[in-house]
Student: 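Quick one: the structure is below, and I'll ask about it shortly.
Note that the structure is predicted; figures quoted are calculated from it, not measured.
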Amino acid sequence: MITRSRNASLQSPTKASNLETHKLFKSRLGTPFTVDAFRYGGVEGCSAYFLSHFHYDHYGGLSKGWSHGPIYCTPLTARLVKMCLSVNPSFVYPMEFDTEHAIEGVKVTMLEANHCPGAALIHFRFQDGRCFLHTGDFRACKLMQTHPLLTNQRVSTLYLDTTYCNPKYKFPPKEDVLSFVVKVTRTSLKRQPKTLIVVGAYSIGKECVYLSISKALGVKIYANASRRRILQSYDWPELSDNLCSNGQDSPLHVLPISSLRHETLKQYLETYTPQYTAILAFRPTGWTYSETTGNHLDLIKPAIKGNSTIYGVPYSEHSSFLELREFVQFLKPDKIIPTVNVGNAATRDKMQSCFRQWLKS
DNA sequence: GCGATCAGCT
DNA sequence: CACAGCTGATCGC
């Protein structure tokens, strides 16, 4: 099995041969599968391409002219692939969650990854009985430990999202961060009722941050047309029923995370004068970690410049170090292949010794 | 002229 | 750092 690496150097043509360092798995039928490996054009001999979720660093290389082979993904990811990338629908094969599909003699199942909408863990059971689990990107949680496919049979190889595989990465449960965001919003509005609330987001992911504020305040969510088109494709009524298409109609706006800078926000605020006179923005990311704030949300200090306030909040859609450890100790795989932070040999070694420590019996 | 990709950046 | 992109330049049709 080939798995994509997030190492930027892999994108460089001069280092494309790094592809060879990845494991190429052949089933009994001699058919290699790949996961999130679209940026190499077609992979020689590959007959099934899997896509774990719809983020650029995973689907990169997929575009209108794709004809290298069938793409298997969840129904939501399939809609986005067709809608946003104009991939020929005849190449796209949606697979419902928790439903086993036989693909060239291999039984494949998509499991909820607790990452962005449509994201899947991909479980492969080969004809010789061996199981592989590819996590794509995921945030490990207790519910995963109850899934029949993960409790009843051993996993021989785990392809693991190791984004935060370092003890320094700590962050609270998502729910705690959502409560904090709602609390800060309420306090700000009490002090300054004419505050425009902004949540930063990439294309997909972090929806619960603005949905929580929307519910708590009873206000709609404003997003521009291109984002609304994507959000409306989710089949998530709670979300789509609360969108609005005019910025004046709600004090809650979703903006690209790249626009969460004081200068940009103040400009944005000016387009809503005199309706709003201050702006409060949340930047949700797992990188908002620190020894002190890791478990103490109330210690988070916003960046304030005049009437613009920006809170970095540790809302993560990847596993923390401790969540990763718990998942691996639960699964007890024979072998672990990290898929993130693999560009550096020292980091790779560190992760492997970490895994050995975790699985020491 | 346009979509796709790349280097550089955050 | 790099979450998951974005911007502007360049390439290929």
Student: Roughly how many Å is it from CG in D57(A) to C1' in dG5(C), rounded to a whole number?
Tutor: 8 Å
Student: Do the two ring centres, one from H58(A) and one from F38(A), sit under 6.0 Å apart?
Tutor: no
Student: Expressed in angstrom and rounded to an integer, what is the separation of R227(A) atom CZ from dA4(C) atom P?
Tutor: 14 Å
Student: Taking only the side-chain heavy atoms of Y56(A) (C-beta and beyond), determine which of dC1(C), dC3(C), dG5(C) contains the nearest atom.
Tutor: dG5(C)
Student: Given the side-chain rings of Y169(A) and F321(A), with only the six-membered ring counted for Trp, is the space between their centroids under 6.0 Å?
Tutor: no
Student: Would you kindly compare P256(A) and P284(A) by the position of their nearest DNA chain C nucleotide and give the one closer to the 5′ end?
Tutor: P284(A)
Student: Considering every strand and a 4.0 Å limit on heavy-atom distances, what is the contact class for S316(A): base, sugar-phosphate, or nothing?
Tutor: nothing
Student: Roughly how far, to the nearest 0.5 Å, is CG of L160(A) from CG of L133(A)?
Tutor: 9.0 Å
Student: Under 4.0 Å from OP1 or OP2 of dA4(C): is there any side-chain N or O of H115(A) that close?
Tutor: yes
Student: Nearest to the side chain of D137(A), which nucleotide is it out of dA4(C), dC3(C), dA4(B)?
Tutor: dA4(C)
Student: Rounded to whole angstroms, how far apart are CD on E317(A) and P on dG5(C)?
Tutor: 11 Å
Student: Which of these nucleotides, dG5(C), dC6(C), dA4(B), is closest to any side-chain atom of S258(A)?
Tutor: dC6(C)
Student: Check whether any side-chain nitrogen or oxygen of H53(A) sits under 4.0 Å from OP1 or OP2 of dA4(C), and answer yes or no.
Tutor: no
Student: Does dA2(C) have OP1 or OP2 under 4.0 Å away from a side-chain N or O of N341(A)?
Tutor: yes
Student: L85(A) CG to dA4(B) P: how many Å, rounded?
Tutor: 9 Å
Student: Round to the nearest Å and state the distance from K206(A) atom NZ to dC3(C) atom P.
Tutor: 11 Å
Student: Can you tell me how far C1' of dA2(C) sits from OH of Y202(A), to the nearest Å?
Tutor: 8 Å
Student: Between atom OH in Y315(A) and atom P in dA4(C), what is the gap in whole Å?
Tutor: 13 Å
Student: Would you say a side-chain N or O of H55(A) is under 4.0 Å from OP1 or OP2 of dG5(C)?
Tutor: yes
Student: Should the ring pair H55(A) and H53(A) be called parallel, tilted or perpendicular, given that the plane angle runs from 0 to 90° and is split at 30 and 60?
Tutor: perpendicular
Student: Between atom CZ in R283(A) and atom P in dT10(B), what is the gap in whole Å?
Tutor: 13 Å
Student: Quick one, H147(A) with D98(A), criterion side-chain hydrogen bond (donor to acceptor under 3.5 Å, both in side chains). Give me CA distance, side-chain angles, the key distance, then yes/no.
Tutor: CA-CA 9 Å; H147(A) 199 288; D98(A) 299 321; 2.7 Å; yes
